[in-house]
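Single-structure report; data block below.
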Amino acid sequence: MTVYAVSLVLVAAAVGVLRWRRPAWYWLTFGVTLAVVRVLVRYRSVMDACGLTVPAARWRLALARATNRPIPEPRSPRILRMRPTRTGLVLRLKLRPGQDAFDVAAASDRLRHSFSMYGVASRELRSGVVELRMTGYDVLKRVQMPAETDPRPMRVPVALRQDGSVHYRDYRAIPHALTLGATESGKSVYQRNLVAGLAPMDVALVGIDCKQGVELYPLARRFSALADDADTAAEVLDALVSRMEGVYQLIRSQQRITSDVPDAEIAADIWDLPDKLRPVPVVVLVDEVAELALYASKEEEKRRDRIITALVRLAQLGRAAGIYLEICGQRFGSELGKGITMLRAQLTGRTAHRVNDETSANMAFGDIAPDAVLAAIQIPAEMRGLAIAGDSSGGWHRIRAPHTSLRQAVNVCNRYAERTPVLPELAAFRPVLSASAAAPVSLAKASSATA
């Protein structure tokens with residue numbers, strides 16, 4: 001009996017340590033079984049307590065009265081499927097007549113407490129069917145991306161959502177995006193994940209980094225063009241506008257709108273062109289947009305207007321030509337001058353890390369999801385990488401990118417350096433790597449040689 005009791009104590013202690021130090025392992029070994037039992041046992045009572053039941057049908061009530069039987073209990077949504085995942089449970093419910101998906105969404109927080117889960121998020125799959133995604137632990141505390149993701153052309157997995165699903169940056173669905181974040185908020189890590197995800201794809205990367213290139217120049221082997229000051233940035237953007245106009249001329253010449261060509265083959269953007277004629281898509285990464293909008297003299301003001309005008313034109317017209325914008329910055333507000341709010345209106349995707357002021361959060365989400373503004377300004381300083389991601393549909397999620405060091409991102413870019421396309425319009429701005437950058441020498445060898 002003593003040995004049995006000691007064994008139980010040791011097992012309980014091991015489970016507690018596992019839950020504290022390795023919550024993902026605890027969930028896969030013990031947590032998922034306990035959660036399934038908890039949901040099945042408490043389901044009816046929880047649904048009743050949360051107001052997610054409907055009275056029995058009238059014919060059932062009439063039949064019970066006629067046969068002198070007990071009155072049927074209220075009916076809960078029917079469980080269509082319960083699927084365990086590596087982060088939680090996915091529960092698919094069939095709503096009863098008279099119920100609405102909004103009722104389930106409004107009760108998400110109460111369901112989280114009742115089922116003892118870390119988080120509950122709901123979404124409507126189709127009319128009358130709602131999916132509940134329950135997370136068993138804080139998946140954003142220590143981000144571990146799934147071993148298998150679903151990358152597609154121009155679709156990059158960059159972060160993990162709070163419900164345990166993967167957050168993708170899909171340029172075909174959301175062409176242009178705005179990413180905000182204060183210093184040490186994790187914005188650079190998010191950008192590195194984006195570049196590392198795009199590196200293996202058939203895409204041209206163009207960088208604008210007005211901090212003398214300190215953020216993007218280490219990744220230069222995978223960039224077709226790189227600007228490290230505002231003057232060069234203006235020339236690069238003008239070259240991109242010229243490329244855009246040339247691509248539109250190509251699409252016009254290949255539209256195939258004659259009567260003997262089926263309508264499905266009419267080309268309206270580069271993705272409708274044959275593979276042999278399709279221009280390579282271009283992703284433009286602007287590291288600090290505020291540096292492009294500031295000026296201190298009349299000449300700099302002219303340059304600023306030229307840059308913002310080019311960015312607005314690319315945001316308005318670049319999608320069909322395969323030119324996508326990724327605008328990043330610490331601060332983004334209307335005080336940056338004319339054209340900024342016009343540019344913001346074209347940036348469908350919005351991501352905000354921790355910001356220093358509410359105005360930046362309002363510029364990111366105020367026009368699409370006011371609830372996300374409060375969530376963005378409440379991000380704690382110690383949670384680097386945590387961000388709020390939304391789009392023009394009004395939906396938003398908490399996400400966190402896995403930590404990727406600059407060395408890891410550089411290694412990925414170097415591995416796929418041969419995939420860097422040469423764009424004739426941007427050939428003059430292709431980064432030139434020095435001999436030291438091409439063949440780095442370790443510090444140990446350098447110090448021994450000096451000695």
Side-chain angles (χ1 to χ4, degrees), residues 8 11-16 18-20 23-141 161-165 371 375 395-398:
L8 284 180
V11 171
V15 171
L18 193 65
R19 184 175 185 180
W20 174 44
W25 296 359
Y26 166 80
W27 173 256
L28 293 174
T29 51
F30 301 99
V32 63
T33 303
L34 296 176
V36 169
V37 173
R38 201 161 49 235
V39 169
L40 294 178
V41 171
R42 299 181 184 176
Y43 181 74
R44 287 185 176 275
S45 60
V46 167
M47 291 292 141
D48 189 26
C50 293
L52 298 177
T53 58
V54 296
R58 291 185 178 182
W59 68 270
R60 288 179 177 271
L61 296 175
L63 182 63
R65 294 191 189 100
T67 57
N68 199 23
R69 292 183 178 179
I71 301 298
E73 296 181 353
R75 294 181 298 168
S76 307
R78 184 160 54 93
I79 299 178
L80 297 179
R81 187 175 68 177
M82 181 184 296
R83 177 170 58 89
T85 66
R86 69 182 191 89
T87 59
L89 294 176
V90 177
L91 205 63
R92 186 167 294 183
L93 306 179
K94 174 65 176 177
L95 300 182
R96 301 292 183 178
Q99 291 183 323
D100 186 75
F102 178 78
D103 299 332
V104 182
S108 295
D109 200 50
R110 285 176 287 173
L111 293 174
R112 175 174 68 89
H113 289 291
S114 301
F115 290 135
S116 300
M117 304 295 285
Y118 184 82
V120 175
S122 70
R123 66 187 182 104
E124 185 178 7
L125 298 181
R126 58 182 183 273
S127 179
V129 178
V130 174
E131 184 180 81
L132 291 179
R133 297 188 67 93
M134 306 181 182
T135 50
Y137 58 96
D138 187 1
V139 297
L140 300 184
K141 185 177 181 180
R161 291 182 177 178
Q162 191 176 21
D163 61 1
S165 60
D371 294 343
W396 58 276
H397 308 272
R398 286 185 177 87

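For reference, positions follow the sequence shown, starting with 1.
For the side chain to side chain contact (heavy atoms under 4.5 Å, CB included) test, residues two or more places apart in sequence or in another chain that qualify with A121 are D163. With sequence neighbours excluded, the residues forming a side chain to side chain contact (heavy atoms under 4.5 Å, CB included) with D48 are T53, listed by chain and number. Residues passing the side chain to side chain contact (heavy atoms under 4.5 Å, CB included) test with S116, sequence neighbours excluded: R38, R42. S108 is linked by a side chain to side chain contact (heavy atoms under 4.5 Å, CB included) to V120, S122, counting only residues two or more places apart in sequence or in another chain.
Minimum interatomic distance between M134 and V39 (heavy atoms only, all atoms of both residues): SD-CG2, 4.5 Å. A35 approaches L89 most closely through the heavy-atom pair CB-CD1, 3.9 Å. Between Y43 and S76, the shortest heavy-atom contact is CE2-CB, 3.9 Å.
Put simply, the side chain of W27 gets close to the backbone of T85: a donor and an acceptor are under 3.5 Å apart.
Here CG of D138 is found 3.5 Å from OH of Y118. Values are rounded to the nearest 0.5 Å. Annotation: the span from Q162 atom CD to W396 atom CH2 amounts to 8.0 Å, rounded to 0.5 Å.
Within the structure, every pair that satisfies the salt bridge (charged side-chain N to carboxylate O under 4.0 Å, His left out) test and touches residues 78-94, not counting sequence neighbours, is listed here: R92-E131. Sorted by first and then second residue, the salt bridge (charged side-chain N to carboxylate O under 4.0 Å, His left out) pairs involving residues 102-119 (not counting sequence neighbours) are D109-R112.
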Next on the checklist: Could you go through V54 and Q99, starting from their C-alpha distance and side-chain angles, then the distance that decides it, and tell me whether this counts as side chain to side chain contact (heavy atoms under 4.5 Å, CB included)?
Outcome noted: CA-CA 8 Å; V54 296; Q99 291 183 323; 3.5 Å; yes

Next on the checklist: Walk me through whether L40 and V36 qualify under side chain to side chain contact (heavy atoms under 4.5 Å, CB included).
Outcome noted: CA-CA 6 Å; L40 294 178; V36 169; 4.0 Å; yes

Next on the checklist: Pair L95, V130 - check side chain to side chain contact (heavy atoms under 4.5 Å, CB included), show working.
Outcome noted: CA-CA 7 Å; L95 300 182; V130 174; 3.7 Å; yes

Item to check | Test side chain to side chain contact (heavy atoms under 4.5 Å, CB included) applied to L140 and R398, step by step | outcome: CA-CA 9 Å; L140 300 184; R398 286 185 177 87; 4.2 Å; yes

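R123 has its side chain within reach of L125: a pair of non-hydrogen atoms, C-beta onward, lies under 4.5 Å apart. Considering only heavy atoms from C-beta on, L93 stays 4.5 Å or farther from L80 through its side chain.
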